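Structure record follows, encoded as structure tokens.
No experiment lies behind these values; they were computed from the predicted model shown. Atom set for the values below is all heavy atoms of this structure, side chains included, hydrogens, waters and symmetry mates excluded.
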Amino acid sequence: MPHRTTALLWRALLAAGLVCAVGLLPWLSHTDPALTLLKARSAERDPDPEVLTAIRTQLGLDEGPLRLLTQWLGGLSRGDAGRSWISGTEVMPGVLQALGASLLLMTSALAVAVVTAGAVCAGTLRRGGRAVGPSGGGSRQCGDRPGGGTGSAALAALPEFLTASVLATVVGVQLGWLPALGWYGPRWTVLPALALGLPAGAVLGRLLDDLLPGAFAEPWARAAVARGLSGRRIARHAVRRCLPGLLPNLGLFAVGLTGGAVAVEQVFDIPGLGRTTLQAALAQDLPVLQAGTLALLLLAALAAGVSQLATRLLAGPALRAGALPSLHGPAPTPRRILPLVYGALLLGVLALGLPRDPLALNTRLRLQHPTWAHPFGTDALGRDLLARIAHGAVDTLLLALGISAAALVTGVLLGLLPRLSGPLADTVNAVPPVLAALLVTAVAGSGSGTPALAVALLAWTPLAAHTSALLRQERATLHVTATRGLGAGRWYLLRRSLLPAVLPPVTRHALLRLPGVALALASLGFLGLGVQPPSPEWGLLLAENQPYAERAPWAVLAPAAVLALLGALAVTAAGSLRAVGQGKLAVR
């Protein structure tokens, strides 16, 4: 009980700090809130001093941010979140309506993600359920599948706003199968749920696929075969065995699908909570921004509580009794040639594109299809897409690698302290990336480093959650319990047993998220929070060419294909790391 009380107090302090930081956003940005509100209400009206003074008096801006924050907190106790500074309407009904839309979208996207994750793991489950034998060699037969790994990597690397745009254009407009705009009923949820759920399901499927071989190699699987259980039933129990290590990340995904779905909500014109919060942040509509942020924090706390409860129910008393076998058994034999092939293709794109000029304009060649002179075609200004992709890759990849490495180190270190990192990860994960970038911009100013800092502040959370979940299971394994019983100290256990078992899967997880980090950097730059056009950032390339997807599909497919190639390289490299890491464990 004391530990739970401490965790609750820590979570409450973090939430209060974030809400206060959001409340101070208009003043931290060193801009006049009254001027911003005037522009949001009427862009054509002159900023007359008398008008600005009247706005300050009306909203109480002269009293300072602390006074406004105190009044807002006092109103919450009565169920009153204040009135919007822009529209003058009550905040609470609008935020609750946006939360309802986001929850419906989140539930639909999670259903798609679960189905997608099952499809990614289907081959491993099918082969693993059949291959389990008395020797436990089945784990080597149910490892990475090159085709499935490449497909899931490409799916995980696709940006959500690009997937949303393609679905809206092809399925919604051209084929007319489903509505592409609006939010009026269940049929309107299908396309946005696919856009959000497919990439998330691909990542979850890869994480589950990473743990399944170890589950099939455990003694209980061989005992199940001896009892005559079917392969399908064994596979179902293997999934249940692996779920406790994935549930914390599933909770983070759920919150991310609510607050981080801004791009998808904008493409499909969905009045969700993420979009509402972003618009309030851009307009400095403080009451709406604070209420939206508080709703995201409460949702994050609820998701964390549900995932912890589900973990205890699934693992049962084994976590406390130290009766779990280790999931990190013999490694499957990966095809080491695939990372070399994908790496060579990516280097080939760089070698062919770097000598070209990414800024050279030729309006006579606007949106030209791929030719020998321009292998990837040209964009709307006649610039060579191969050159822009190659030049954008250098800065984007190097920065993404640096952020991923920093996120890995931070995630592992904080994951070793679950009582500290658990509430912190839940709180940080509730902040949409764009809102984090706005907070960074308000404090540190805009510039090329703003997207990097904003992404780095959020990128460690899933890795810390993964580390904590794996450590919790590994501490309950038989060999760790036996080693502790023989008198081994904490440092010895951490160095010789826990970290060697946890680092390889968490490192592979960081590799899986490398394409997403690269895209997040460029996407924030496109929103005006970093590098600006005509810089050849990958996210800028996708966003700039998105309006021409129907007329010149190569302008979008070329950068998307290179991003998918990066995802395939990350997944196959992760498979090789699995073999190396588990091979060392087997030697010990």
Side-chain angles (χ1 to χ4, degrees), residues 154 157-175 180-181 191 195 262-269 282 346 348-397 399-400 434 446 448 451 515 518-566:
L158 285 178
E160 294 169 349
F161 77 86
L162 176 62
T163 308
S165 299
V166 171
L167 290 174
T169 301
V170 177
V171 180
V173 177
Q174 293 183 346
L175 299 178
L181 292 175
L191 292 183
V262 180
V264 173
E265 290 175 355
Q266 288 182 337
V267 170
F268 292 102
D269 194 23
L282 294 176
L346 191 58
V349 171
L350 296 178
L352 291 175
L354 286 177
R356 300 166 179 255
D357 186 358
L359 302 179
L361 300 177
N362 189 344
T363 54
R364 293 177 299 177
L365 300 178
R366 294 178 66 252
L367 299 177
Q368 185 184 51
H369 60 79
T371 61
W372 286 109
H374 302 284
F376 286 177
T378 62
D379 64 6
L381 297 177
R383 297 173 295 192
D384 184 70
L385 279 175
L386 176 59
R388 294 183 63 75
I389 290 173
H391 282 267
V394 176
D395 294 336
T396 302
L397 284 181
L399 192 54
V434 179
S446 60
S448 58
L519 181 68
L521 287 169
S523 299
L524 290 177
F526 175 72
L527 292 173
L529 301 173
V531 179
Q532 296 295 301
S535 175
E537 288 273 349
W538 280 1
L540 291 177
L541 293 179
L542 289 168
E544 288 173 350
N545 295 311
Q546 179 185 342
Y548 310 100
E550 185 175 356
R551 177 183 172 186
W554 58 85
V556 173
L557 292 178
V562 177
L563 191 61
L565 180 62
L566 174 62

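Interatomic distance, L191 CG to L181 CG, rounded to the nearest 0.5 Å: 10.0 Å. Of the inter-residue distances, the one linking I389 atom CD1 with R356 atom CZ reads 11.5 Å to the nearest 0.5 angstrom.
Considering every non-hydrogen atom in both A180 and A168, the closest pair reads CB-O, 3.7 Å.
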In a table with atom names and distances, give each donor-acceptor pair under 3.5 Å that connects a side chain of residues 367-382 to protein atoms at least two apart or in another chain.
residue: T371; atom: OG1; partner: A373; partner atom: N; Å: 3.4
residue: T371; atom: OG1; partner: H374; partner atom: N; Å: 3.1
residue: H374; atom: ND1; partner: D384; partner atom: OD1; Å: 2.7
residue: T378; atom: OG1; partner: L365; partner atom: O; Å: 2.4
residue: T378; atom: OG1; partner: L367; partner atom: N; Å: 3.3
residue: T378; atom: OG1; partner: Q368; partner atom: N; Å: 2.8
residue: D379; atom: OD1; partner: L381; partner atom: N; Å: 3.0
residue: D379; atom: OD1; partner: G382; partner atom: N; Å: 3.1
residue: D379; atom: OD1; partner: R383; partner atom: N; Å: 2.8
residue: D379; atom: OD2; partner: R383; partner atom: NE; Å: 2.9
residue: D379; atom: OD2; partner: R383; partner atom: NH2; Å: 3.2

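In this structure a side-chain-to-backbone donor-acceptor pair under 3.5 Å is missing from H391 to D357.
Annotation: salt bridge (Lys or Arg N to Asp or Glu O under 4.0 Å) contacts of D269 (sequence neighbours excluded): R275. The side-chain contact (heavy atoms from CB on, under 4.5 Å) search around L350 returns L347, L354, A390, A393, not counting sequence neighbours.
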